Number of protein chains: 2
Amino acid sequence: MDDASRAMEGNSETVAGRLALAIHEHRLAPGTKLVEDEVGEIFGVSRTVVRAALQQLAHDRLVTLKRNRGASVAQPTIREAREVFEARALLEPRTARSAAARTTPADIARLQSHIDEEHDALHAGDAGRALRLSGLFHIEIARIADQDTICAFVTQLVARSSLIIALYWQRRNALCESHAHHALLRALADHDGDSAEELMKGHLLDLVSSLDLRNLPGPPRTLAEALGR
Amino acid sequence: MDDASRAMEGNSETVAGRLALAIHEHRLAPGTKLVEDEVGEIFGVSRTVVRAALQQLAHDRLVTLKRNRGASVAQPTIREAREVFEARALLEPRTARSAAARTTPADIARLQSHIDEEHDALHAGDAGRALRLSGLFHIEIARIADQDTICAFVTQLVARSSLIIALYWQRRNALCESHAHHALLRALADHDGDSAEELMKGHLLDLVSSLDLRNLPGPPRTLAEALGR
DNA sequence: GTCGGCTAAATTGTATACAATAAGCCAGCC
DNA sequence: GGCTGGCTTATTGTATACAATTTAGCCGAC
């Protein structure tokens, strides 16, 4: 707990952002207990601001908050995982279509840099960072569509997806097939709304199919595990 | 500030819920300043819990929170109003379709009671309560679809719609044409997903068209109003 | 008479103290 | 030996105290 790791701005948004980043990059595993005093000492702030940050994260479903029991990194159930991707399926394809009509060269450059950075991170072995950049790609598309409200929803869904991937990832071969993102980039550059919508729809289906959402081995193993032994 | 009006449970969710209800029923107008001490005294809790409640409402965009400047009931811009209804257009029609496949007689009864209560409230002159019940109808449909995640989004969007209606309502004739809701109820009862989706889509379009989202007379009248006089 | 800065009041931001609740632990009992 | 009971500790819930910031009003200078 050296001084370098603390002494940042004391506002709760910074703390929430740092925690969210750690969750997003899979440095904080689902189920990890987040004790207020500990977090506060790490960031050099009091419990007051830590509590505000945790409540913020709980509202985004990144953290589970039980009364008198404290906060933990959320463990989405299989049902919740399905719901998140169903919501994304409703929002993102049509949003990609809207984005295609508004994409500027600057947007293309930014998306391309995301793909490049993701590629670099993957080859550097930093899968967490790659995953986060992959999510940023989706958020960026919602931003290009100039829809703040939908962008906020997508941002939350992408963050929750990161937790879902941490729990239910199965197909370890192609971590984040940037192929799909590259194809999307092309459709956006060509202002081809039809293709963008279809590509996004297919991409999300691919994502879901890369998860193991069949049985219940993940979070609800409290009882099952105890009975199995 | 009699004792009857305070002395409820001191948790922030209760306070947030009470405030949200007041906003939803148009008893708290957009732009109203929410001073922490005042709210705390009204509900008989300390600023700590009031702050938590306000942050919660701010996350739902029902309240605007500016650093060192406090909280106010949000004043959605025209742009935000459009975005909210665009998001609803993406989420609700398809959700109504899903709901139609799962609607039970108990669901029908509950929806019917919402329509009836809305009718009663309207004839009793309680437009605020009618508006809230009208919103509950939409939320109930998302709940029937058994989609907690989408339901949470719809809940937030309905609440924000209430603020938008407070600011931009124009067509005063048919307050909440329960005709549309009644038709939707029929489609759900018949498990007619196609009709439910179409009816919901049309209903949302009607809602938007009943608003005056053209010029900028609403919230940004800070400068315009001053210049006009 | 108006503009500028200065002071005071009000309000929010943060930390800490205390109370309440839950979890862990040891002892005693069946 | 295992279980139950109360005690201890750790952690959260809430209130309050203090610091920082904004806001309003006022006085003085130009």
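Order of the sequence lines fixes the chain letters, A, B, ..., with proteins taken first and strands second; residue numbering starts at 1 for each chain. This structure is a prediction, so every number in the text was calculated from the model and none was measured.
- Using a 4.0 Å cut-off between charged side-chain N and carboxylate O, B:E86 and B:R82 make no salt bridge.
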Measure all distances between protein nitrogen or oxygen atoms and nitrogen or oxygen atoms of nucleotides 11-13 of chain D, and list the pairs falling under 3.5 Å.
unit_1 : atom_1 : unit_2 : atom_2 : d
D:dT12 : OP2    : A:E36  : N      : 3.2
D:dG13 : OP1    : A:N68  : N      : 3.0
D:dG13 : OP2    : A:R51  : NH1    : 2.5
D:dG13 : OP2    : A:R51  : NH2    : 2.9
D:dG13 : O3'    : A:R67  : NH2    : 3.2
D:dG13 : N7     : A:R47  : NH2    : 2.9
D:dG13 : O6     : A:R47  : NH1    : 3.2

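- Ionic pairing of A:E80 and A:R61 is not present here: no N-O contact between side-chain nitrogen and carboxylate oxygen is shorter than 4.0 angstrom.
- Between B:I164 and B:V84 the shortest side-chain heavy-atom distance falls below 4.5 Å.
- Atom CG of B:L111 sits about 7.5 Å away from atom OG1 of B:T103, to the nearest 0.5 Å.
- Protein atom CG of A:N11 is 21 Å distant from nucleotide atom P of D:dA19, rounded to whole Å.
- Side-chain nitrogen and oxygen atoms of B:T48 include none within less than 4.0 Å of the OP1 or OP2 phosphate oxygen of D:dT14.
- Taking the six-membered ring where the residue is Trp, A:H203 and A:H181 present perpendicular rings, their angle passing 60° and hence far from 30°.
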